[in-house]
Amino acid sequence: MILLDGYKVANERNLELKKKIDEHKKIGDRIPELAIILIGNNPASISYVTGKGKACELVGIKHTLHRLDETISQKEVEKLIFDLNENPEVDGILLQLPIPKHLDDSYLIDLISKDKDADGFHVINQGYLYQKKKTIYPATPKGIMTLLKTYDIQIAGANAVVIGRSNIVGFPVARLLMDAGATITVCHRQTKDLASHTLQADIIIASAGQPELLTKDMVKQGAVVVDVGVNRVNGKLVGDVHFDGVKEVAGYLSPVPRGVGPMTINGLLENTYELYLDHLGK
Ligand code: NAD
């Protein structure tokens, strides 16, 4: 089994990005900037935002954290988003999910300018993606595709099974795999007999958010398995794949942690840089 080492690939790509940003600094361009909005005190969200901030520092992207109280009103968040949309120094805006239930996440995401949509969640950018037009891709699907490409995984002609159909992972990654030539099956909560699908798969993307859902008996010999899941079980991070079992049959397997997570952050940084280049007109 070959490990799909997202940590290593992301670090290499982040270094490349740092070199590009250093070049901009040398010629006097302004520094790229990502605004991060964090609402409330969800410990997982705080940890994700901290990780994203550190990664920004590493590559030379300025990041500003807008920490808002759990009880903030929808109007106040809207006002912040409008201000950030108008601010010429800000290239990317990220609203860390989940947000408190009294706020409308889908509405707020679509208020972010599509030209500052660092996460690639805006309805217009998703529309462009589904029409195969150039756009900002959601960071996790982008990171997964980059990981597969880096390991020269044959996608054209492959049978790919995506477990999960969310707007931020399952559905867009299925679309990108299809565009790259794979035949796609998207499984979800209502899917009957998940194993009957996964056993046919050359590529499996496990993004259900269910600890160790995919077991050895559900995987074809030599299959490529990407584990997107991040689940906390008894204080430990666990993926959607039973790693120790599946590693005996898979040809390639991504670990949790150090697999898709760092690739997602790299996707976010690369998106911010792309938006920055657009804003500079380069
Ligand atoms: P979600 O809850 O929005 O979607 C989960 C999807 O999985 C749904 O479509 C649901 O129908 C499907 N599903 C649930 N249980 C299933 C089952 N038993 N069989 C088949 N399908 C099932 O979640 P999401 O936002 O798409 O995230 C999925 C997982 O990926 C979560 O664990 C999340 O934490 C993780 N995630 C990781 C990263 C990363 O950077 N590593 C980024 C985003 C999400």
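Positions are given from 1, in the same order as the sequence printed here. Counting starts at 1 for both ligands and their atoms, in listed order.
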Find all atoms of ligand 1 within a distance of less than 4.0 Å from any non-hydrogen atom belonging to G229, and give their numbers and elements.
30 (O), 32 (O)

Here the atoms of ligand 1 under 4.0 Å from any heavy atom belonging to I168 are 25 (O)

So is T191 close enough to ligand 1, meaning a heavy atom under 4.0 angstrom away?
no

Look at ligand 1 and say whether S207 reaches it with a heavy atom at a distance under 4.0 Å.
yes

Is any N or O atom of [X], backbone or side chain, closer than 3.5 Å to an N or O atom of ligand 1?
X	result
L213	no
R165	yes
T264	yes

Got a protein heavy atom sitting under 4.0 Å from atom 24 (P) of ligand 1?
yes

Top protein contact for [atom], by heavy-atom distance:
atom	result
atom 6 (C) of ligand 1	G164 CA, 3.5 Å
atom 37 (C) of ligand 1	V228 O, 3.1 Å
atom 21 (N) of ligand 1	H188 C, 3.1 Å

Look at [X] together with [Y] and state whether they make a salt bridge at an N to O cut-off of under 4.0 Å.
X	Y	result
K19	E16	yes
E76	K79	no
K26	D22	no

If only atom types and distance count, is the side chain of D227 paired as donor or acceptor with the main-chain N or O of V256 below 3.5 Å?
no

Parallel, tilted or perpendicular: which one describes the rings of Y276 and H24, with boundaries at 30° and 60°?
perpendicular

Looking at side-chain heavy atoms only, is the closest gap between N159 and T185 below 4.5 Å?
no

Distance-only donor-acceptor check, side chains Q126 and R175, under 3.5 Å:
no

